[in-house]
Peer 1: 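The structure is given below, and queries will be raised subsequently.
Note that this is a predicted model, so its numbers are computed, not measured. Remember, it's 1-based here, ligands and their atoms both numbered in the order they're listed.
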Amino acid sequence: MDDTPHAPVPTAPLDRLPWAGTSIFTVMSALATRHRAINLGQGFPDFDCDPSLQQAVTAAMRAGHNQYAAMPGVPALRERIVDKVAAVHGHRYDVEREVTVTAGATQAIMAAVVALAGPGDEVIVLEPCYDSYQPAIDLAGATAVRVPLDAARDYAVDWDRVHAAITPRSRLLIINFPHNPTGQVLDAADLAALEAIVERTGITVLSDEVYEHIVFDGRDHQGVARSPLLAARSVLVSSFGKTLHTTGWKVGYACAPAALSEMIRKVHQFMVFAVSTPMQHAIAAYLADARPWRELPAFYQRKRDRFCAALAGSRFRLLPSRGTYFVLADYSRISDAPEEAFAQQLIERHGVAAIPVSAFYREPFDNRVVRFCFAKRDETLDAAVEKLLQI
Ligand code: PMP
Ligand code: GLN
């Protein structure tokens with residue numbers, strides 16, 4: 001036996017995300033539960049998904065779909081995804097090589113960033129941004145470059161700033177429209193500006209479109225699959241959690257040109273290998289009918305209008321919500337407490353939970369704005385409004 005002394009094994013684990021704590025969504029939901037507050041914080045519906053979708057899961061299980069799915073996803077579901085994207089945007093991804101079913105959008109984003117960026121690379125994000133982007137970039141060993149959305153123009157994109165942030169080290173540009181938390185959407189001019197940037201710089205776009213079917217006031221969703229140029233240089237990520245009221249199922253997807261999909265699948269294969277088989281079969285069967293997602297804008301627009309109209313008489317000042325199931329509320333007429341403290345007071349003193357928008361920024365940032373989620377039953381929204389009107 002080798003009896004040479006060895007260096008001691010380190011006892012403290014390496015912290016790959018030293019800045020990260022518990023997510024704001026978990027923190028606020030826990031606080032809401034503790035204080036029995038109405039939870040308009042974390043983004044999930046408080047109503048159930050369609051019973052026929054639930055029956056489709058049982059049917060899939062009874063039909064024996066209980067073992068590993070194909071690594072890139074159940075073929076029938078990939079076909080439905082391809083058909084849906086083609087119906088909405090006119091671009092047809094290749095079922096075999098360009099669509100990967102993932103464990104929600106979160107895993108699609110993680111797999112795509114880890115696959116496509118590495119040490120020395122820069123990844124551009126538009127701030128405020130969803131909380132999973134920075135950890136994905138950190139774990140890839142890349143560097144995040146943050147470009148602010150223009151808070152003075154309802155958080156519109158300043159494309160000149162985006163262009164100016166691109167360097168020879170830029171690998172990815174992550175965008176997310178309809179946008180969480182601001183409810184901002186892209187219009188045709190935005191898509192044209194993005195095309196011009198991609199054409200000039202060759203950067204790859206990671207487009208998080210989980211709210212693709214929740215766009216209001218008759219607008220069309222301007223996704224990357226609308227543009228042949230962008231489709232050829234982008235990873236399109238979405239999630240059935242938002243579209244089918246099933247955030248707990250964690251089924252999403254990534255569509256990308258074959259060369260990018262191949263790299264993403266390599267990571268996906270070793271991250272999860274495959275996603276829940278009966279859920280995939282159930283969603284595939286359910287999507288034979290396009291009505292559920294076609295009816296979504298009207299369904300959520302009615303909720304937005306109900307909530308916002310009722311709050312018009314409050315001391316909050318609501319910002320426009322053009323998509324998603326969120327609306328921002330400026331509370332500067334009520335309090336000058338910082339956002340996180342205000343959100344805490346809102347739960348403890350007034351019984352309503354919201355999300356401080358500062359949580360979507362890396363550096364301390366306070367605009368006196370919180371985010372309300374209106375993916376709730378009408379009774380829930382009305383009960384929350386009653387409390388909010390008293391503030
Ligand atoms: N991106 C955005 C912008 C989101 O709001 C969310 C979740 N609400 C996700 C990604 C994650 O989606 P999933 O739950 O399918 O992982
Ligand atoms: N995406 C949801 C939101 O923005 C939360 C998802 C989560 O809790 N991780 O509220």
Peer 1: When you look for heavy atoms under 4.0 Å from ligand 2, do you find them on the side chain of N180, its backbone, both, or neither?
Peer 2: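 The part of N180 near ligand 2 is the side chain, not the backbone.
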Peer 1: Measure K242 to ligand 1 on non-hydrogen atoms and call it side chain, backbone, both or neither using the 4.0 Å cut-off.
Peer 2: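 The answer is the side chain of K242.
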Peer 1: Answer yes or no: is there a side-chain heavy-atom contact under 4.5 Å between V275 and Y68?
Peer 2: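 Answer no - side chains too far apart.
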Peer 1: Could you check whether H179 and Y155 have their ring centres less than 6.0 Å apart?
Peer 2: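 Judged by ring-centre distance (under 6.0 Å), Y155 and H179 do not meet the cut-off.
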Peer 1: Under 3.5 Å, is there a donor-acceptor pair between the S321 and R304 side chains?
Peer 2: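 Result is no, nothing qualifies.
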Peer 1: Would F44 count as a contact residue for ligand 2, given that I'm defining contact as a non-hydrogen atom of the residue lying under 4.0 Å from a ligand atom?
Peer 2: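 Per 4.0 Å heavy-atom rule, F44 does not contact ligand 2.
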Peer 1: At what distance is the nearest protein heavy atom to atom 5 (O) of ligand 1, and which residue and atom is it?
Peer 2: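 Checking every protein heavy atom, the shortest distance to atom 5 (O) of ligand 1 gives Y211 OH, 2.6 Å.
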Peer 1: Quick check for you: to the nearest 0.5 Å, what is the distance between S358 atom OG and I24 atom CD1?
Peer 2: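 Output value for this atom pair is 7.0 Å.
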Peer 1: In this structure, are over 12 heavy atoms from other groups packed under 6.0 Å from R362 atom CZ?
Peer 2: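 Check passes, neighbour count above 12.
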Peer 1: Would you mind running through ligand 1 and noting each atom that sits below 4.0 Å from a heavy atom of N180?
Peer 2: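 Under 4.0 Å from N180, ligand 1 has these atoms: 3 (C), 4 (C), 5 (O).
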Peer 1: For K250, what residues pass the side chain to side chain contact (heavy atoms under 4.5 Å, CB included) criterion, not counting sequence neighbours?
Peer 2: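 Side chain to side chain contact (heavy atoms under 4.5 Å, CB included) list for K250, sorted by chain: T106.
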Peer 1: For atom 14 (O) of ligand 1, what is the nearest protein heavy atom, given as residue, atom name and distance?
Peer 2: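 Its nearest protein heavy-atom neighbour is K250 NZ, 3.1 Å.
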Peer 1: If the cut-off is 4.0 Å to any non-hydrogen atom of N176, which atoms of ligand 1 fall inside it?
Peer 2: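 Checking each atom against N176, I get 3 (C).
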Peer 1: For the 3.5 Å polar cut-off, considering only N or O atoms, please tell me whether G43 and ligand 2 meet it.
Peer 2: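 Indeed, backbone or side chain, G43 has an N or O that close.
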Peer 1: Mark up the atoms of ligand 2 that fall under 4.0 Å of a heavy atom belonging to Y130, in ascending order.
Peer 2: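 Per the distance check, 1 (N), 4 (O), 5 (C), 6 (C), 7 (C), 9 (N).
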Peer 1: Considering only the protein, which heavy-atom contact is closest to atom 12 (O) of ligand 1, and what is its distance?
Peer 2: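 Answer for atom 12 (O) of ligand 1: A105 CB, 3.5 Å.
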Peer 1: Students often mix this up, so state it plainly: with edges at 30° and 60°, are the rings of F374 and F216 parallel, tilted or perpendicular?
Peer 2: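 Rings of F374 and F216: tilted, 30 to 60°.
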Peer 1: Tell me whether R377 is salt-bridged to D382, with the criterion being a basic N under 4.0 Å from an acidic carboxylate O.
Peer 2: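 D382 and R377: not salt-bridged.
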Peer 1: Taking heavy atoms and a distance under 4.0 Å, where does M28 meet ligand 2: side chain, backbone, both or neither?
Peer 2: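 No part of M28 comes within reach of ligand 2.
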Peer 1: If we set the cut-off at 4.0 Å for heavy atoms, which region of T106 has an atom near ligand 1: side chain, backbone, both, or neither?
Peer 2: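 Both of them.
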Peer 1: Would K242 pass as a cation-pi partner of F44, given that its NZ or CZ must be under 6.0 Å from the six-membered ring centre and within 45 degrees of the axis?
Peer 2: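 Not satisfied by the 6.0 Å and 45° rule.
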Peer 1: Of the protein's non-hydrogen atoms, which lies at the shortest distance from atom 15 (O) of ligand 1, and what is that distance?
Peer 2: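 Looking only at protein heavy atoms, the one closest to atom 15 (O) of ligand 1 is S239 OG, 2.6 Å.
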Peer 1: Of all the atoms in ligand 1, which lie at a distance below 4.0 Å from a heavy atom belonging to G104?
Peer 2: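 That gives atoms 15 (O), 16 (O) of ligand 1.
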Peer 1: Test side-chain contact (heavy atoms from CB on, under 4.5 Å) on F177 and L126 and set out the steps.
Peer 2: CA-CA 11 Å; F177 294 98; L126 308 183; 4.1 Å; yes
Peer 1: For ligand 2, which is the ligand I care about here, please tell me if Q42 has any N or O atom under 3.5 Å from one of the ligand's N or O atoms.
Peer 2: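 It does: an N or O of Q42 is found under 3.5 Å from an N or O of ligand 2.
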Peer 1: How close does the nearest protein non-hydrogen atom get to atom 1 (N) of ligand 1, and which residue and atom is it?
Peer 2: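 For atom 1 (N) of ligand 1, the nearest protein heavy atom is D208 OD2, 2.6 Å.
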